[in-house]
Amino acid sequence: MADFYIGKKEYFPGIGKIKFEGSKSRNPLAFKFYDPDKVVGGKKMKDHLRFAVAYWHSFCADGADPFGAATMAHPWGAGAKSPMEAAENKMDAAFEFFTKLGAEFYAFHDRDMAPEGDSPAESEKNLFSLVAKAKKLQEATGVKLLWGTANVFTNPRFMNGAATNPQFGVVALAAAQVKAAIDATIELGGAGYTFWGGREGYMSLLNTDIKREKEHLARFLTMARDYGRARGFKGYFYIEPKPMEPTKHQYDFDTETVIGFLRQHGLDKDFRLNIEANHAELAGHDFVHELECAAAEGLFGSVDANRGDPRNGWDTDQFPNSFIEAAMAMHIILKAGGFTNGGLNFDAKIRRNSVDPSDLFVGHIGGMDCFAVGLEVAHRVIEDGVISGFVKDRYASFDGGDGARFEKGQLGLEELAKIGTDAGYGKTGLVSGRQEYLENLFNQYLLER
């Protein structure tokens with residue numbers, strides 16, 4: 001990977017390559033715990049964690065929210081003679097940021113990278129002009145594409161959904177956009193392609209045919225899968241669960257909902273889940289719950305690393321900063337075999353009152369340090385084997401005898417009931433789960449460094 005890239009102009013002057021300085025450093029522009037080449041469990045940290053920068057929040061967000069105008073005037077847009085020139089400048093800024101930060105991956109929506117044109121053909125032309133530039137920059141810097149996707153939710157035409165829109169013409173326009181985004185992802189060597197159903201849901205049941213909309217969504221995803229495979233795409237397609245916002249109810253509500261949907265429609269061989277921490281919170285779940293559910297079914301794929309505000313019931317997309325949550329997340333990810341073509345994408349944005357250019361670096365540095373600690377803690381937990389041993393012992397009654405016969409489907413209900421009757425009541429079932437002990441033990445691993 002190149003030390004860092006500077007295009008025609010340096011957009012983050014005064015900031016060089018972010019280096020590892022150790023836990024005693026007070027330099028806000030240095031890693032305290034993320035040492036990319038440190039080997040953990042036979043693998044470098046950077047290869048375990050596969051950090052990616054989200055193009056949209058980092059280079060498109062301007063601090064605007066529903067209650068206030070933009071607070072950030074990005075220098076890559078200043079003085080540009082056209083939207084395409086601004087997009088080219090933005091890409092230079094992005095690759096400067098990637099390389100100075102040391103992130104080896106990025107993720108993008110089509111409209112993050114290139115402006116929409118007056119027709120699908122012009123939009124595609126704009127996109128592939130920027131794809132050509134991105135490909136050259138990837139080759140020059142060593143930065144790779146984690147995954148691409150299409151923004152089929154911002155344009156007013158998608159106000160009633162994209163693949164689930166009640167107007168066939170909108171569905172067709174969404175297909176044109178997704179096809180181009182898949183082609184762009186393939187051209188850039190993307191490891192995955194993501195679907196986020198931002199408006200694939202309903203606002204009112206009075207005007208919605210749920211059955212038809214979900215069938216249309218399944219058909220659309222099947223067509224996209226078939227197209228990608230025919231074009232030689234080898235990676236996974238991802239679905240990113242979210243329960244609501246901007247819709248009242250999204251059809252990809254949570255991990256379990258998505259798993260059932262994928263299996264119902266025969267998509268589970270090609271699709272995996274891209275799980276976002278903030279979306280888990282909006283669904284009323286813990287981040288680790290969503291990860292565990294996906295991993296248990298062999299459908300875990302990638303992560304959008306961020307956090308929400310528990311007192312603010314919307315998608316705040318803040319940078320992760322909880323070491324315990326990161327450690328518990330990495331514990332599940334490592335047990336599932338680690339990332340294959342997925343990674344930790346920072347779908348996070350700095351606050352609207354964080355207007356210093358260095359704030360973007362500081363947010364990412366904190367998140368990367370957080371998951372570096374989580375990785376090391378999770379590795380120690382797994383190596384020690386105490387927690388996994390406890391779980392194994394807890395289910396030991398199913399490893400032999402009648403318990404094993406039950407698991408193998410060799411017992412009928414009548415025979416199972418007789419076993420229960422013969423066992424008697426006594427103290428059966430009153431075996432401690434030792435939750436407090438395990439929670440304290442996990443905290444102990446976190447503090448042992």
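All heavy atoms count here, side chains included; hydrogens, waters and symmetry mates do not. Heads up: numbering here begins at 1 and tracks the sequence.
A donor and an acceptor atom, one from each side chain of N274 and Y236, are nowhere located under 3.5 Å apart. The closest side-chain donor-acceptor pair between Y445 and D384 falls under 3.5 angstrom. Side chains of Y202 and E213: no donor on one and acceptor on the other come within 3.5 Å. A donor and an acceptor atom, one from each side chain of T164 and E200, are located under 3.5 Å apart. Checking Y5 against D92 by side-chain atom types alone, a donor-acceptor pair falls below 3.5 Å. N126 and S123 are not linked by any side-chain donor-acceptor pair at a separation below 3.5 angstrom, with hydrogens and angles left out of the test. In the model, D356 has a side-chain atom that pairs as donor or acceptor with a side-chain atom of S358 under 3.5 Å. With hydrogens and angles left out, the side-chain atoms of Q167 and N160 include no donor and acceptor closer than 3.5 Å. Side chains of E276 and N278: no donor on one and acceptor on the other come within 3.5 Å. Neither side chain, D62 nor H74, offers a donor N or O lying under 3.5 Å from an acceptor on the other.
Taking the six-membered ring for Trp and the full ring otherwise, the centers of F105 and W147 sit at least 6.0 Å from each other. F153 and F158 have their aromatic ring centers separated by at least 6.0 angstrom.
Without hydrogens or angle criteria, D369 side chain to G366 main chain gives no donor-acceptor distance under 3.5 Å. Put simply, the side chain of R352 gets close to the backbone of G63: a donor and an acceptor are under 3.5 Å apart. With hydrogens and angles ignored, the 3.5 Å screen pairs no side-chain donor or acceptor of K349 with any backbone N or O of D347. Judged by distance alone, with hydrogens and angles left aside, the side-chain atoms of H364 form a donor-acceptor pair with the main-chain N or O of L360 at under 3.5 Å. The backbone N or O of L137 lies less than 3.5 Å from a partner atom in the side chain of T141, making a donor-acceptor pair. Without hydrogens or angle criteria, H279 side chain to P241 main chain gives a donor-acceptor distance under 3.5 Å. When atom types are taken as modelled, the side chain of N165 and the backbone of V170 share no donor-acceptor pair closer than 3.5 angstrom. A distance-only check finds a donor-acceptor pair linking the side chain of T208 to the backbone of S204 [under 3.5 Å]. Distance alone, capped at 3.5 Å, is enough to place a donor-acceptor pair between the T247 side chain and the H249 backbone. In this structure a side-chain-to-backbone donor-acceptor pair under 3.5 Å is present from D110 to N151.
Using a 4.0 Å cut-off between charged nitrogen and carboxylate oxygen, K211 and E215 count as a salt-bridge pair. Under 4.0 Å is where a charged nitrogen must lie from a carboxylate oxygen, and between D359 and R351 no such pair does. A salt bridge is absent between E325 and R307: the closest approach of a Lys/Arg side-chain nitrogen to an acidic carboxylate oxygen does not fall below 4.0 angstrom. Using a cutoff of 4.0 Å between basic side-chain nitrogens and carboxylate oxygens, E104 and K46 are scored as salt-bridged.
Atom OG of S25 sits about 10.0 Å away from atom CZ of F33, to the nearest 0.5 Å. How far CZ of R231 is from CG of D226: 14.5 Å, rounded to the nearest 0.5 Å.
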Test R229 against D270 for salt bridge (Lys or Arg N to Asp or Glu O under 4.0 Å), laying out the working first.
-> CA-CA 9 Å; R229 293 295 184 237; D270 297 279; 3.0 Å; yes
Decide yes or no on side chain to side chain contact (heavy atoms under 4.5 Å, CB included) for H48 and V40, but give the supporting numbers first.
-> CA-CA 8 Å; H48 272 296; V40 178; 4.2 Å; yes
Residues Y227, D183; criterion side chain to side chain donor-acceptor pair (under 3.5 Å); working and verdict | CA-CA 10 Å; Y227 176 77; D183 287 338; 2.7 Å; yes
Criterion side chain to side chain contact (heavy atoms under 4.5 Å, CB included) on I382 and I387, from CA distance to verdict = CA-CA 8 Å; I382 291 170; I387 291 178; over 6 Å; no
Could you check D399 against K392 for side chain to side chain contact (heavy atoms under 4.5 Å, CB included), going step by step and ending with a plain yes or no?
-> CA-CA 9 Å; D399 292 338; K392 188 176 187 303; 4.0 Å; yes
Show the numbers, then the answer: is there a salt bridge (Lys or Arg N to Asp or Glu O under 4.0 Å) between E376 and K38?
-> CA-CA 10 Å; E376 293 201 81; K38 181 177 181 179; 2.8 Å; yes
Is there a salt bridge (Lys or Arg N to Asp or Glu O under 4.0 Å) between D315 and K242 once you walk through the steps?
-> CA-CA 10 Å; D315 204 1; K242 187 179 181 182; 3.0 Å; yes
Can K133 and E88 be said to form a salt bridge (Lys or Arg N to Asp or Glu O under 4.0 Å), step by step?
-> CA-CA 8 Å; K133 180 180 174 76; E88 290 180 4; 5.3 Å; no
So H216 and F220, ring pair (Phe, Tyr, Trp, His ring centres under 6.0 Å) or not? Walk me through it.
-> CA-CA 6 Å; H216 291 175; F220 190 98; over 10 Å; no
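Applying the 6.0 Å contact sphere to CZ of R219 captures no more than 12 heavy atoms from other residues, nucleotides or ligands. Heavy atoms of other residues, nucleotides or ligands lying less than 6.0 angstrom from NZ of K43 number more than 12. Within 6.0 Å of NZ on K17 lie more than 12 heavy atoms contributed by other residues, nucleotides or ligands.
Relative ring orientation between F339 and F300 is described as tilted, the plane-to-plane angle lying within the 30° to 60° band. In this structure, Y55 and F59 have perpendicular ring planes: the angle between them is above 60°, well past the 30° mark. Below 30°, between 30° and 60°, or above 60°: for F12 and W76 the angle between ring planes is between 30° and 60°, a tilted geometry.
The one candidate from L282, D309, N306 that meets the side-chain contact (heavy atoms from CB on, under 4.5 Å) condition with T316 is D309. The ring pair (Phe, Tyr, Trp, His ring centres under 6.0 Å) test with Y106 is passed by exactly one of F97, F95, F346: F95. Paired with Y34 under the rule ring pair (Phe, Tyr, Trp, His ring centres under 6.0 Å), one option of F20, F51, F371 passes, and it is F51. Shown are V362, L29, N27, T99; of these, the side-chain contact (heavy atoms from CB on, under 4.5 Å) with I18 is made only by L29.
The minimum heavy-atom distance between S302 and L146, with the atom names listed, is OG-CD2, 4.2 Å.
Counting heavy atoms from C-beta outward, E281 and H285 have side chains that stay 4.5 Å or more apart. Side-chain contact between V178 and Y193 is present, with at least one heavy-atom pair separated by less than 4.5 Å. In this structure the side chain of N353 never reaches within 4.5 angstrom of the side chain of T71, judged on heavy atoms. Considering only heavy atoms from C-beta on, R212 stays 4.5 Å or farther from P166 through its side chain. When side chains are defined from C-beta on, M45 does not count as touching P36, because their heavy atoms never get closer than 4.5 Å.
Relative to the six-membered ring of F4, K100 meets both conditions, a distance below 6.0 Å and an angle of at most 45° to the axis. Geometrically, R434 engages Y437 in a cation-pi contact defined by less than 6.0 Å to the ring centre and at most 45° from the axis.
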